[in-house]
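Counting starts at 1 for both ligands and their atoms, following the listed order.
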Amino acid sequence: MRLVRLIGNLGYGSRKEVAGMFREGRITDAAGEVLYADDKVGHDDILIDGESLDPPAGLVLMLNKPTGYTCSTRDPGRIVYDLLPPRFKLRSPVLSTVGRLDRETSGLLLMTDDGALLHRIISPKAHMRKVYEAMLAEDLKGDEAALFASGAMMLEGEDTPLLPAVLEVLGPRQARLTITEGRYHQVRRMFAATGNHVDALGRVAVGGLGLDGLAPGAWRALDPGDMARVFAG
Ligand code: URA
């Protein structure tokens with residue numbers, strides 16, 4: 001791929017702007033030699049203003065989403081893209097969230113520009129394990145785990161029962177819930193159906209990949225080992 005296109009696709013600017021960056025000598029190789037737009041070099045040998053290029057297409061990243069951010073490119077309020085370098089919103093292929101977390105849900109959110117991978121993770125047939133921790137407004141009654149595990153629980157307005165889910169009690173008003181589907185507001189609606197209310201909700205794992213100490217608001221690119229953990233879950 002020609003360099004102007006490769007760099008433009010990473011969101012650094014329009015073709016015209018990237019061509020201007022070449023003319024200004026801002027694009028160099030790893031040794032600091034100025035590159036020209038028709039040079040033939042690989043992604044890893046290109047620096048802009050002395051900095052390595054962002055990861056190439058095929059990017060998968062994990063973000064520890066704080067509450068108050070929406071999984072959208074358009075919302076007028078805070079959006080998850082505000083937590084990434086601004087040019088990530090301009091990448092082609094586009095960087096999408098892998099499913100969504102509600103604005104008031106925090107925790108592990110994957111994002112990728114790989115459409116096939118995205119579908120492999122969110123497809124209902126994948127039964128990808130998602131683990132949430134919830135703080136509840138009321139004490140647990142004790143019968144929730146059996147109901148959630150039954151495979152017969154119906155959510156209001158739906159006509160198919162939920163797949164069995166695993167509830168672990170962490171405290172009188174605190175629980176960990178593992179689900180393998182992704183219905184609208186599923187966790188909040190499950191607890192609401194038991195007469196409770198979720199005061200705070202965070203996702204702690206997708207498949208076998210956890211947050212691993214990633215700070216709220218921070219992100220990192222995933223490597224093949226991380227992806228193996230996602231699918232090992
Ligand atoms: N369930 C919810 O209720 N909200 C989320 O954000 C994710 C799962």
**OP:** Kindly indicate whether the side chain of Phe148, heavy atoms from C-beta on, has any atom under 4.5 Å from the side chain of Leu162.
**Re:** no
**OP:** Begin with the C-alpha distance, continue with both residues' side-chain angles, and end with the deciding distance and a verdict on salt bridge (Lys or Arg N to Asp or Glu O under 4.0 Å) for Arg189 and Glu156.
**Re:** CA-CA 8 Å; Arg189 290 165 72 208; Glu156 215 176 288; over 6 Å; no
Original post:
Between Thr194 and Leu147, which heavy-atom pair has the shortest distance, and what is it?
Top reply: CG2-CD2, 4.0 Å
**OP:** Establish, for the pair Arg23 and Tyr36, whether the NZ or CZ atom is under 6.0 angstrom from the six-membered ring centre and no further than 45 degrees off its axis.
**Re:** no
Original post:
Do the non-hydrogen side-chain atoms of Phe88 and Met111 ever get within less than 4.5 Å of each other?
Top reply: no
Show every donor-acceptor pair shorter than 3.5 Å between a side-chain atom in residues 44-51 and any protein atom, with sequence neighbours excluded, or say none if there are none.
residue	atom	partner	partner atom	Å
Asp49	OD1	Arg26	NE	2.9
Asp49	OD2	Arg26	NE	3.4
Asp49	OD2	Arg26	NH2	2.8

Subject >> Residues lining ligand 1 [heavy-atom distance under 4.0 Å, listed by chain and residue number] >> reply: Leu101, Asp102, Thr105, Tyr132, His185, Gln186, Val187, Arg188, Leu201
